[in-house]
Number of protein chains: 2
Amino acid sequence: MSMAETAEMEDGETLSLHQRILSDIREKILSGAWAPGHRIPFEHELTAEYRCSRMTVNKALSQLAKAGLIERRRRSGSFVRQPQSQAAVLELHDIRIEVEALGLPYRYERLERLKRRSGAEDRALLGLSAPGPVLWLESLHFAGERPFALEQRLINLSAVAEAAEEAFFEIAPGPWLIGRVPWSEAEHRIRAMAADDHVADALDIDPGAPCLVVERRTWSAEHPVTHVRFVYPAESHTLVARFTPSQG
Amino acid sequence: MSMAETAEMEDGETLSLHQRILSDIREKILSGAWAPGHRIPFEHELTAEYRCSRMTVNKALSQLAKAGLIERRRRSGSFVRQPQSQAAVLELHDIRIEVEALGLPYRYERLERLKRRSGAEDRALLGLSAPGPVLWLESLHFAGERPFALEQRLINLSAVAEAAEEAFFEIAPGPWLIGRVPWSEAEHRIRAMAADDHVADALDIDPGAPCLVVERRTWSAEHPVTHVRFVYPAESHTLVARFTPSQG
DNA sequence: ATGACGATTATGTATATACATATTGAAGCG
DNA sequence: CGCTTCAATATGTATATACATAATCGTCAT
């Protein structure tokens with residue numbers, strides 16, 4: 001066996017050995033052949049089975065453990081975990097991309113722009129403790145002729161001073177921030193809401209009509225950067241998330 | 001330097017060397033010190049900086065690449081990637097746990113149970129091509145006295161035959177399935193909806209009131225298992241998701 | 001100029017080895 | 001019987017080494 005051997009799959013695809021071990025075991029777990037609690041063969045057994053070194057087996061098992069499919073216990077071995085509480089990876093696209101994926105022309109319109117000192121409400125939204133300068137922006141995203149989403153955004157100018165110079169007529173604040181500020185963490189809240197008069201007016205729907213609200217707070221290295229609320233009319237929008245319980 | 005040396009952090013926590021390298025680099029990227037496009041030191045340079053072997057550095061860099069923070073190019077080096085499109089890990093808890101976390105007593109009530117041959121609508125929901133036996137269930141989850149969520153579920157009896165024997169009076173179909181069927185994939189749809197008469201009646205809210213709808217389809221090894229729709233009154237429920245762009 | 005080609009270089013993946021660490025299980029003892 | 005101690009064992013992390021592979025760069029001939 002040569003040093004960096006690769007394996008031929010049935011379909012002709014080439015996988016590295018540790019990826020083959022990984023997907024073999026994953027398949028056994030997901031198919032139910034190895035039920036929760038089942039003890040996976042020891043590293044030295046897999047070493048014999050796959051004719052490879054312990055390091056290679058270890059790499060594969062460590063990855064399965066990190067993905068949460070198995071649990072490893074020293075001296076005892078590795079075990080299939082109980083199915084985890086379900087989690088979904090939710091893609092939150094750029095609205096422009098979303099609209100264009102629908103085959104509709106995208107248009108962005110800035111409604112409001114206000115520089116002010118943060119009040120208690122602003123600080124609560126951003127998660128700030130001390131007052132400071134913030135920028136308030138309200139914009140509309142259109143799909144064709146129809147309003148697609150209303151965006152209400154608060155930017156912490158202490159964290160992103162350059163935003164004070166930008167009018168946001170040409171570029172939406174989302175893409176502008178993405179290109180400028182590396183973000184380290186984000187928190188999302190998703191809920192349903194009845195349109196109030198202001199929202200109904202902006203989105204051209206009836207007051208009281210159901211809307212999907214997605215709020216996102218973003219931090220960059222511990223500093224709050226922005227809080228944004230997207231309000232979508234119920235008909236226009238469904239969030240889709242697909243989840244596979246391990247990431248090969 | 002001993003073989004399996006570990007490093008003391010300032011706060012006294014012990015990290016393995018490769019984890020220290022990983023978090024060092026991650027911090028540089030997230031803080032913005034290394035902007036997108038910046039070339040990360042070569043493996044042999046990091047080897048010298050951290051006084052360790054190339055394998056250790058390689059492990060850390062590979063992990064950063066898998067997390068999507070950097071891109072690796074043979075012969076050229078490793079580079080900080082543009083900030084990715086945002087994605088969020090959305091936790092979808094068991095409703096019982098959710099209700100109990102609110103400090104309210106949980107109660108479950110089965111409303112309807114119907115065994116039938118799948119019609120076109122059922123097949124569309126489950127993603128089935130051929131007709132077959134399915135089980136239709138409607139249940140209510142209570143938080144204290146108030147209805148918390150309405151559950152409408154379709155189970156593919158070809159995949160889970162035992163479900164036909166279960167009355168689902170004592171146990172909710174969610175927990176029952178989790179303990180029995182290993183699932184390999186799930187797809188979620190989240191949207192806002194106005195309550196129709198049936199939903200309004202079940203949840204004891206006004207017709208037309210906004211609701212949050214979470215639909216989930218689950219597969220086990222390519223076979224559709226179940227489709228479930230949870231309808232939450234808008235006031236009762238917010239989904240929260242927190243996301244950090246790399247998984248140290 | 002330009003295109004072919006080989007050397008160089010950085011990463012990708014595997015090996016064998018070494019020692020650390022946590023936990024189990026059995027032996028020994030009061 | 002219960003407690004301590006100690007050896008055995010499986011995993012955790014690091015080393016040095018080897019060869020493969022892909023991309024780039026310079027050289028040289030056309």
Side-chain angles (χ1 to χ4, degrees), chain A residues 1-9 13-25 34 37-81 248, chain B residues 1-9 12-25 34 37-81 247-248:
Chain A
M1 169 171 188
S2 79
M3 288 280 174
E5 185 172 351
T6 52
E8 278 302 303
M9 298 289 286
E13 245 202 290
T14 314
L15 280 186
S16 69
L17 185 47
H18 100 259
Q19 281 180 332
R20 191 156 69 94
I21 299 174
L22 204 146
S23 66
D24 277 8
I25 296 178
W34 288 352
H38 179 271
R39 210 208 75 230
I40 284 174
F42 295 128
E43 291 189 353
H44 71 264
E45 293 173 304
L46 292 171
T47 283
E49 183 179 339
Y50 287 95
R51 315 293 203 102
C52 66
S53 77
R54 211 194 111 212
M55 277 302 294
T56 303
V57 170
N58 182 282
K59 203 172 167 187
L61 291 184
S62 303
Q63 218 168 315
L64 283 170
K66 192 142 62 70
L69 269 192
I70 68 173
E71 186 188 336
R72 313 201 70 192
R73 286 202 290 273
R74 276 174 166 154
R75 172 66 217 257
S76 311
S78 306
F79 300 84
V80 178
R81 294 220 316 185
Chain B
M1 170 171 186
S2 78
M3 287 280 172
E5 185 173 350
T6 52
E8 279 302 303
M9 298 289 287
E13 246 203 291
T14 313
L15 281 186
S16 70
L17 185 48
H18 101 261
Q19 282 179 332
R20 192 159 68 95
I21 300 175
L22 204 146
S23 67
D24 277 7
I25 295 178
W34 289 350
H38 175 89
R39 209 207 77 229
I40 285 174
F42 294 128
E43 291 189 353
H44 70 263
E45 293 174 303
L46 292 171
T47 283
E49 183 179 341
Y50 288 94
R51 314 295 204 103
C52 67
S53 76
R54 210 195 111 212
M55 277 303 294
T56 304
V57 170
N58 181 282
K59 203 171 166 187
L61 291 184
S62 303
Q63 218 167 316
L64 283 170
K66 192 142 61 69
L69 270 191
I70 67 173
E71 185 190 335
R72 312 202 71 192
R73 286 202 289 273
R74 278 174 165 153
R75 171 67 215 251
S76 310
S78 306
F79 300 84
V80 177
R81 294 219 317 183
Q247 55 265 37

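Reminder, nothing fancy here: chain letters follow the sequence lines and each chain counts from 1.
Distance, B:Arg54 CZ to D:dA18 C1': 11 Å, rounded to whole Å. With rounding to whole Å, B:Leu64 atom CG is found 12 Å from C:dG12 atom P. For the pair A:His44 NE2 and C:dT17 P, the computed distance is 17 Å after rounding to whole Å. Atom CD1 in A:Ile70 sits about 13 Å away from atom C1' in D:dA10, given to the nearest Å. The CG atom of A:Leu17 sits 12 Å away from the C1' atom of C:dT15 (whole-angstrom rounding). Regarding B:Tyr50, its OH atom lies at a distance of 16 Å from the C1' atom of D:dA14, rounded to whole Å. In this entry the distance linking CZ of B:Arg20 with P of D:dT13 reads 15 Å, nearest Å. With rounding to whole Å, B:Gln19 atom CD is found 12 Å from D:dG12 atom P.
Contact check, A:Ser78 against D:dA10: no side-chain N or O comes under 4.0 Å of OP1 or OP2. A:His18 has a side-chain polar atom (N or O) that falls below the 4.0 Å cut-off from OP1 or OP2 of C:dA14. Between A:Thr56 and C:dT13, a side-chain N or O to OP1/OP2 separation shorter than 4.0 Å is absent.
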So which protein nitrogen or oxygen atoms get under 3.5 Å of nucleotides 23-28 of chain D's nitrogens or oxygens?
{"from": "D:dT24", "atom 1": "O2", "to": "B:Arg75", "atom 2": "NH1", "distance (Å)": "2.7"}

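Among the nucleotides C:dA14, D:dA14, C:dT13, the one closest to any side-chain atom of B:Asn58 is C:dT13. Here C:dA14 is the nucleotide among C:dA14, C:dG12, D:dA14 with the atom lying nearest to any side-chain atom of B:Met55.
Remark: the backbone N or O of B:Gly68 is paired with a side-chain donor or acceptor of B:Arg81 at under 3.5 angstrom.
To the nearest 0.5 angstrom, B:Arg20 atom CZ is 12.0 Å from B:Leu22 atom CG. To the nearest 0.5 Å, the span separating CD on A:Gln63 from CD1 on A:Ile70 amounts to 10.5 Å. Between A:His18 atom NE2 and A:Ser23 atom OG the span is 10.0 Å, to the nearest 0.5 Å. How far NZ of B:Lys59 is from CD of B:Glu43: 14.0 Å, rounded to the nearest 0.5 Å.
The side-chain heavy atoms of A:Val57 and A:Tyr50, taken from C-beta on, include no pair separated by under 4.5 Å. Within the 4.5 Å cutoff, side-chain heavy atoms of A:Cys52 are placed close to those of A:Ile21. Within the 4.5 Å cutoff, no side-chain heavy atoms of A:Leu69 are placed close to those of A:Ile25.
Consecutive pairing runs in DNA chain C reach the stem threshold at C:1-30 with D:1-30, where a stem means at least three Watson-Crick or G-U wobble pairs with distances under 3.5 Å.
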For B:Asn58 and B:Arg72, run side chain to side chain contact (heavy atoms under 4.5 Å, CB included): C-alpha distance rounded to whole Å, both residues' side-chain angles, the deciding distance at 0.1 Å, then the answer. CA-CA 11 Å; B:Asn58 181 282; B:Arg72 312 202 71 192; 3.8 Å; yes
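If B:Leu61 and A:Val57 are placed on DNA chain C by their nearest nucleotide, the residue sitting closer to the 5' end is B:Leu61.
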